[in-house]
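Accompanying notes for the structure given below.
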Amino acid sequence: MASKKKIVVTGFEPFAEHTVNSSWVAVQELEQLGLGEAVDLYVCEMPVEYQAVKRLLPSLWKENQPQLVVHVGVSGLATTVTLERCGHNKGYTRPDNCSFCPASQCCVENGPDCIKSILDMDTICKRVNDAGIGITVSTSEDAGRYLCDYTYYTSLHLGKGRAAFVHVPPLAKPYSGKDLGRALQAVIQEMLKLLEGSHSEEAQKGTKHSSDNP
């Protein structure tokens, strides 16, 4: 029997005006829904603190050995569920929940300016919108240069691109926590299908090579 896929999904604790963080509400709703029998889902609430994120992420990757890590954050500007294509290394000037800001203003010293997810967010966005779940999904190139972007970049760096970031609107603007949970479920299921597709392509290439050398 194929072993279960391990997927880690994180949301954030409250910060600033977000006294209830819809990202963590959405992740808890997703935990109730699950991702099907074949997926082992692990959820975790992230602090809105640069140093804590830098400490936590390596252990999340190492201890869970996930196929994919999906981070979820709230955006006060968002009115759709937004899939972020990439994370940025520089420009972190906004203090966190501990009033701390990295002196270097970057995630990884000498890291590339931008790291893209290996997942094609435009394809995922189109598939979820076409499925007509009643929740609009869009894509973005700018995760906002705060803890969301910082977490995403660090995770992309650790996971060699096998990470995703989903921005959700605040609760009731316009979606409920349950709606956001359903949206996450639909989005992550499409992400897993894409990952499966890329694995099977690699496997086929491998079989072609091996058949050349009987």
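Note that the structure is predicted; figures quoted are calculated from it, not measured.
- In this structure, the separation between CG on L119 and CD1 on I124 is 4.5 Å, given to the nearest 0.5 Å.
- There is a side-chain donor-acceptor pair under 3.5 Å between H71 and T10.
- K116 NZ: 12 or fewer foreign heavy atoms inside a 6.0 Å radius.
- Across G181 and E29, no two heavy atoms sit closer than the pair CA-CB, 3.8 Å.
- With respect to E190 and K193, a salt bridge is recorded, a charged nitrogen being found less than 4.0 Å from a carboxylate O.
- A donor-acceptor contact closer than 3.5 angstrom links the side chains of E13 and N97.
- Note that NZ of K62 is 14.5 Å distant from CG of L57, once rounded to the nearest 0.5 Å.
- Scanning all heavy atoms of the two residues, the minimum distance from P174 to T79 falls at CD-O, 3.5 Å.
- Of the possible polar contacts, one joining the N89 side chain to the G111 backbone as a donor-acceptor pair under 3.5 Å is found.
- Contact annotation: the side chain of V8 never approaches that of L68 to less than 4.5 Å [non-hydrogen atoms, C-beta and beyond].
- Using a 4.5 Å heavy-atom cutoff, the side chains of S104 and E109 are in contact.
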Would you sort out whether T82 and V168 count as a side chain to side chain contact (heavy atoms under 4.5 Å, CB included), showing the intermediate values? CA-CA 6 Å; T82 309; V168 294; over 6 Å; no
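- Under the 4.5 Å side-chain heavy-atom criterion for Ile, Leu, Val, Met, Phe, Trp and Tyr, L33 and V187 are members of distinct hydrophobic clusters.
- Here the CD1-OH distance, from I115 to Y152, works out to 10.0 Å after rounding to the nearest 0.5 Å.
- Put simply, the side chain of K54 gets close to the backbone of C107: a donor and an acceptor are under 3.5 Å apart.
- A donor-acceptor contact shorter than 3.5 Å is absent between the side chain of Q105 and the backbone of T93.
- Inter-residue side-chain proximity for V74 and H167 is flagged as unmet; no heavy-atom pair is nearer than 4.5 Å.
- The aromatic rings of Y92 and Y50 stand perpendicular to each other, their planes meeting at an angle above 60°, with 30° marking the opposite boundary.
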Test side chain to side chain contact (heavy atoms under 4.5 Å, CB included) on V72 and F12 and set out the steps. CA-CA 7 Å; V72 187; F12 282 100; over 6 Å; no
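- A salt bridge does not link K126 with D122: every distance from a Lys NZ or Arg NE/NH1/NH2 to an Asp or Glu carboxylate oxygen is 4.0 Å or more.
- In this structure, the side chains of E49 and F100 stay at 4.5 Å or more apart for every pair of heavy atoms.
- Contact check for V70 versus M191: side-chain heavy atoms found under the 4.5 Å cut-off.
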The test is side chain to side chain contact (heavy atoms under 4.5 Å, CB included); show your working for T154 and L158 and say whether it passes. CA-CA 6 Å; T154 307; L158 290 165; 4.2 Å; yes
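- Between the CG atom in L60 and the CZ atom in R55 there is a gap of 12.0 Å [rounded to 0.5 Å].
- A donor-acceptor pair shorter than 3.5 Å cannot be found between the side chains of T136 and T80.
- Contact between C125 and L83 at its shortest, heavy atoms only, is N-CD1, 3.9 Å.
- When all heavy atoms of K160 and I118 are compared, the closest pair comes out as O-CG2, 3.9 Å.
- Using a 4.5 Å cut-off on side-chain heavy atoms (C-beta onward), C44 and Y42 make contact.
- Counting only distance, with no hydrogens or angles, the side chain of D96 and the backbone of C98 share a donor-acceptor pair below 3.5 Å.
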Let's go through I7 and D40 carefully: what are the C-alpha distance in whole Å and the side-chain angles of both, what is the deciding distance for side chain to side chain contact (heavy atoms under 4.5 Å, CB included) to 0.1 Å, and is it a yes or a no? CA-CA 6 Å; I7 308 297; D40 184 6; over 6 Å; no
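- At a threshold of 4.5 Å between non-hydrogen side-chain atoms, the residues E31 and V27 do not count as touching.
- Using cut-offs of 30° and 60° on the angle between ring planes, the pair Y153 and H157 is parallel.
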In sequence, state the C-alpha distance, the side-chain angles, and the governing distance for K4 and E37, and then conclude on salt bridge (Lys or Arg N to Asp or Glu O under 4.0 Å). CA-CA 8 Å; K4 282 192 166 192; E37 286 298 306; 5.1 Å; no
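- A donor-acceptor contact under 3.5 angstrom links the side chains of W61 and S155, judged on distance only.
- The backbone N or O of P169 lies less than 3.5 Å from a partner atom in the side chain of S22, making a donor-acceptor pair.
- Side-chain atoms of N21 do not come within 3.5 Å of backbone N or O of G73 as any donor-acceptor pair.
- Rounding to the nearest 0.5 Å gives a distance of 7.0 Å between CG of L180 and CD1 of I135.
- From L184, atom CG reaches atom CG of D179 across 11.0 Å, with rounding to the nearest 0.5 Å.
- For S117 (side chain) and C86 (main-chain N/O), no donor-acceptor pair under 3.5 Å exists by modelled atom type.
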Scan the side chains in residues 140-147 for donor-acceptor partners under 3.5 Å anywhere in the protein, sequence neighbours excluded, and list what turns up.
unit_1: S140; atom_1: OG; unit_2: E84; atom_2: OE1; d: 2.7
unit_1: S140; atom_1: OG; unit_2: E84; atom_2: OE2; d: 3.4
unit_1: S140; atom_1: OG; unit_2: D142; atom_2: N; d: 3.0
unit_1: S140; atom_1: OG; unit_2: D142; atom_2: O; d: 3.3
unit_1: E141; atom_1: OE2; unit_2: R85; atom_2: NH1; d: 2.9
unit_1: D142; atom_1: OD1; unit_2: G144; atom_2: N; d: 2.9
unit_1: D142; atom_1: OD1; unit_2: R145; atom_2: NH1; d: 3.3
unit_1: R145; atom_1: NE; unit_2: K90; atom_2: O; d: 2.9
unit_1: R145; atom_1: NH1; unit_2: H88; atom_2: ND1; d: 3.4
unit_1: Y146; atom_1: OH; unit_2: P95; atom_2: O; d: 3.0

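- Checking each of V53, L156, V69 against T151 for a side chain to side chain contact (heavy atoms under 4.5 Å, CB included) leaves exactly one that passes, namely V53.
- Under the 4.5 Å side-chain criterion, counting only non-hydrogen atoms from C-beta, M46 is in contact with L56.
- Minimum heavy-atom separation, R182 to I133: NH1-O, 3.1 Å.
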